Amino acid sequence: MMILCMDHLNIVVTDLKKATGFFEAMGFRPVMESELDSAFLEKATGLSGVKGRFIAMEHSGSFMRLELLEYQPAKAPDGRISMANQVGFRHLAFQVEDMEKTVESLKALGAVFLSPVQTWEKTGKKLVYFLGPDGILMELCQYPASPEGEAA
């Protein structure tokens with residue numbers, strides 16, 4: 001078996017327009033959009049009686065796509081998914097250049113931060129967890145500058 005690369009990360013949301021706007025404000029841009037019919041979704045996922053809409057997004061700083069998917073009818077979000085100790089995929093992390101400025105920008109978009117910015121004493125890395133649309137658990141991280149002026 002030969003895996004070539006990570007291809008995409010899919011996030012199911014209840015409001016595709018709102019989630020798309022949130023990620024656009026973070027620098028992502030839509031690159032593909034489509035309706036997904038019930039017959040296709042049943043064959044691909046085993047879910048019957050649902051249809052969907054999705055938007056694939058890219059960020060200039062990453063090779064992996066983000067796919068936002070809204071199912072119809074929507075299922076209510078499970079609040080436990082936002083807990084850092086739940087088993088399974090847990091959070092999406094973004095490296096930033098200016099932690100404080102990014103935090104303030106995301107607060108203006110409605111992001112809920114779980115704590116003030118923390119610094120991991122072992123490496124000097126700044127980090128903070130926050131909840132985005134539908135309680136999606138995400139992290140911002142900023143690495144200290146190396147002696148050559150680049151992030152470590």
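Everything numeric in this text was worked out from a predicted model, so none of it was measured. Numbering of residues begins at 1 and proceeds along the displayed sequence.
Listed here is the closest heavy atom pair of L109 and A25: CD1-CB, 3.3 Å. Taking every heavy atom of both residues into account, L41 and G52 meet most closely at CD1-N, 3.6 Å. Considering all non-hydrogen atoms of both residues, F22 and P133 come closest at CD2-CD, 3.6 Å. Summarising the geometry of L69 relative to L16, their closest heavy-atom pair is N-CD1, 4.3 Å, with the distance given to 0.1 Å. Taking each heavy atom of M26 and L106 in turn, the nearest pair found is CG-CD2, 3.7 Å.
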Working note: H8 + N10, criterion side chain to side chain contact (heavy atoms under 4.5 Å, CB included); need CA distance, chi angles, decisive distance, verdict. CA-CA 6 Å; H8 68 273; N10 175 270; 4.3 Å; yes
Audit row: V117, L127, side chain to side chain contact (heavy atoms under 4.5 Å, CB included) steps and yes/no: CA-CA 6 Å; V117 174; L127 63 117; over 6 Å; no
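With Q142 contributing its side chain and E97 its backbone, the two residues share a donor-acceptor pair below 3.5 Å. No donor-acceptor pair closer than 3.5 Å links the side chain of S38 to the backbone N or O of G49. In this structure, the side chain of D37 engages the main chain of A39 through a donor-acceptor pair within 3.5 Å. The backbone N or O of V31 lies less than 3.5 Å from no partner atom in the side chain of E33, so there is not a single donor-acceptor pair.
Salt bridge K125/E139: present, at least one basic N to carboxylate O contact under 4.0 Å.
Hydrophobic clustering (ILVMFWY, side-chain heavy atoms < 4.5 Å, transitive): F28 and L140 are in one cluster. V128 and I136 end up in the same hydrophobic cluster when Ile, Leu, Val, Met, Phe, Trp and Tyr side chains are linked at under 4.5 Å. One hydrophobic cluster, built from ILVMFWY side chains closer than 4.5 Å, holds both M64 and V13. A continuous path of hydrophobic side-chain contacts links W120 to L137 [ILVMFWY only; heavy atoms under 4.5 Å].
Between F94 and F23, the two ring planes are tilted [angle within 30° to 60°].
Enclosure of atom CZ in F113 by more than 12 non-hydrogen atoms of other residues, nucleotides or ligands within 6.0 angstrom is indicated. Shown here is K51, whose NZ atom has no more than 12 heavy atoms of other residues, nucleotides or ligands within 6.0 Å.
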